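Shown next, in structure tokens, is the structure this report addresses.
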Amino acid sequence: MWSSQPHHSPEAWRTESEPYSAPGVSRFMPHRPPGAQVDMHPPYTLKELFQLFFSTATVKTLCKNTNKYAAIQQEMGKKYSWADVEVEELYKFFGLLMYMALVSLPSLQDYWKQNHILSVPFPAMVMTRDRFRSLRWNIHPSNPEENVINDRKKGTPDFDKLFRTKPLMDEIRTACQAHYHPRKELAVDERMVATKAKTGLTST
């Protein structure tokens, strides 16, 4: 509840006639040398660098939860072909996502078009369009069985809105902390993105 009484700061306002004393500057004493926390001598492949943040263990968990979710969807009557995804195939899926971010085409179908001015050969060499679509529909970071338990808590303080993404978020955050130590100067940036999504994560 708001108070009608004026708020008084512990320190009174200074006048222009009073001398100004700058606050003390804290010493920068990191526990590790700032910068990348990896051995820079051996040459890394692009996949090895990616695996620093998406480790094999993390991708195995993604595969397990994605396969569980796909099985549930098919039990509910979803009509599409599905075969359990394995670690190497999921890495290929991530590779295609990054490729599509770099090579922009009007629609998903265009990446698999043949004999067309927009034809690109790479995606079809990795996997079929239908397989890519089925993976995209079912990719699931969290355990679907645990999702049900969390969903029952809606409307209570124990409900976690980020539950479905938190397993992957936690893994990436841990990897970032392990492989990079911030330097003294930091720049924190924000961006407001317009959206019509009706979720509890947006504010008005």
Side-chain angles (χ1 to χ4, degrees), residues 22-69 84-105 108 110-111 120-127 131-144 146-147 150 160-195 197 199-203:
V25 178
S26 300
R27 294 183 60 193
F28 182 61
M29 302 177 63
H31 295 294
R32 300 178 294 177
Q37 304 296 306
V38 295
D39 186 357
M40 304 300 290
H41 292 93
Y44 290 95
T45 65
L46 294 177
K47 182 179 177 181
E48 287 170 340
L49 289 173
F50 183 75
Q51 286 177 322
L52 293 177
F53 301 92
F54 280 73
S55 68
T56 302
T58 297
V59 176
K60 280 183 178 178
T61 301
L62 278 171
C63 288
K64 181 176 68 175
N65 292 333
T66 297
N67 292 331
K68 281 185 178 181
Y69 181 76
D84 281 356
V85 61
E86 300 291 342
V87 170
E88 286 304 314
E89 187 181 24
L90 201 54
Y91 275 127
K92 292 178 181 179
F93 174 77
F94 291 142
L96 278 179
L97 290 179
M98 289 185 280
Y99 175 84
M100 292 174 180
L102 296 172
V103 181
S104 180
L105 295 180
L108 179 67
D110 290 333
Y111 290 96
V120 288
F122 180 69
M125 296 168 59
V126 179
M127 65 178 62
R131 180 58 171 170
F132 179 87
R133 293 175 65 186
S134 65
L135 287 173
R136 194 179 64 164
W137 291 334
N138 291 284
I139 191 76
H140 215 74
S142 61
N143 187 331
E146 295 176 359
N147 292 343
N150 182 64
D160 188 349
K161 295 178 181 178
L162 297 176
F163 186 84
R164 282 169 168 76
T165 59
K166 187 162 286 186
L168 186 56
M169 288 169 53
D170 290 343
E171 291 286 346
I172 294 176
R173 181 171 61 247
T174 299
C176 289
Q177 292 171 342
H179 301 308
Y180 185 81
H181 192 103
R183 301 182 186 277
K184 182 177 180 180
E185 292 80 16
L186 291 176
V188 180
D189 193 14
E190 288 187 53
R191 182 177 180 183
M192 299 296 290
V193 181
T195 177
T199 73
L201 302 178
T202 58
S203 59

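The structure presented is a predicted model; accordingly, all values stated were derived computationally and were not measured.
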Hey, could you give me the [atom1]/[atom2] distance between [X] and [Y], rounded to the nearest 0.5 Å?
X      : Y      : atom1 : atom2 : result
Leu97  : Arg136 : CG    : CZ    : 9.0 Å
Lys161 : Lys166 : NZ    : NZ    : 12.0 Å
Thr56  : Tyr91  : OG1   : OH    : 4.0 Å
Lys92  : Met127 : NZ    : CE    : 7.0 Å
Phe163 : Asn143 : CZ    : CG    : 7.5 Å

Under 3.5 Å, is there a donor-acceptor pair between the side chain of Asp84 and the main chain of Asn67?
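No, Asp84 side chain to Asn67 backbone: no donor-acceptor pair under 3.5 Å.
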
Would you say His181's side chain and Pro30's backbone share a donor-acceptor pair under 3.5 angstrom?
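No, the answer is negative, given that no donor and acceptor are paired below the 3.5 Å cut-off.
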
Residue pair Ala36 / Tyr180: nearest heavy atoms and the distance that separates them
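That would be N-CD1, 3.6 Å.
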
How close do Leu52 and Ala175 get, heavy atom to heavy atom, and via which atoms?
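Nearest heavy atoms, Leu52 then Ala175: O-CB, 3.4 Å.
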
Which class fits the ring pair Phe54 and Phe50: parallel under 30°, tilted 30 to 60°, perpendicular over 60°?
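Rings of Phe54 and Phe50: parallel, under 30°.
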
Check the angle between the aromatic planes of Tyr99 and Tyr111 and answer parallel, tilted or perpendicular using the 30° and 60° thresholds.
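Correct class here is perpendicular.
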
Are the side chains of [X] and [Y] in touch, meaning some heavy atoms are under 4.5 Å apart?
X      : Y      : result
Thr61  : Glu171 : no
Val59  : Glu89  : no
Tyr44  : Asp39  : yes
Thr58  : Phe53  : no
Tyr69  : Asn65  : no
Ile139 : Leu90  : yes
Thr165 : Ser142 : no
Met100 : Leu108 : yes

Between Glu88 and Lys47, does at least one N-O distance fall below 4.0 Å, as a salt bridge requires?
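So Glu88 pairs with Lys47 through a salt bridge.
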
Take atom CD in Glu86; do more than 12 heavy atoms of anything else shown fall under 6.0 Å from it?
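Atom CD in Glu86 is not packed in, count stays at 12 or less.
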
Tell me, yes or no, whether the heavy-atom count around Lys68 atom NZ, taken from other residues, nucleotides or ligands under 6.0 Å, exceeds 12.
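Yes, because the 6.0 Å sphere around NZ of Lys68 holds more than 12 heavy atoms from other groups.
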
Qualifying residue for side-chain contact (heavy atoms from CB on, under 4.5 Å) with Ile172, from Asp170, Leu168, Thr174
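The passing option is Leu168.
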
I'd like to know whether Arg173 forms a side-chain contact (heavy atoms from CB on, under 4.5 Å) with Gln177, so could you lay out the CA-CA distance, the side-chain angles of the two residues, the decisive distance to 0.1 Å, and finally the verdict.
CA-CA 6 Å; Arg173 181 171 61 247; Gln177 292 171 342; 3.9 Å; yes

Let me see the working for Arg131 and Phe93 under side-chain contact (heavy atoms from CB on, under 4.5 Å), right down to the final yes or no.
CA-CA 9 Å; Arg131 180 58 171 170; Phe93 174 77; over 6 Å; no

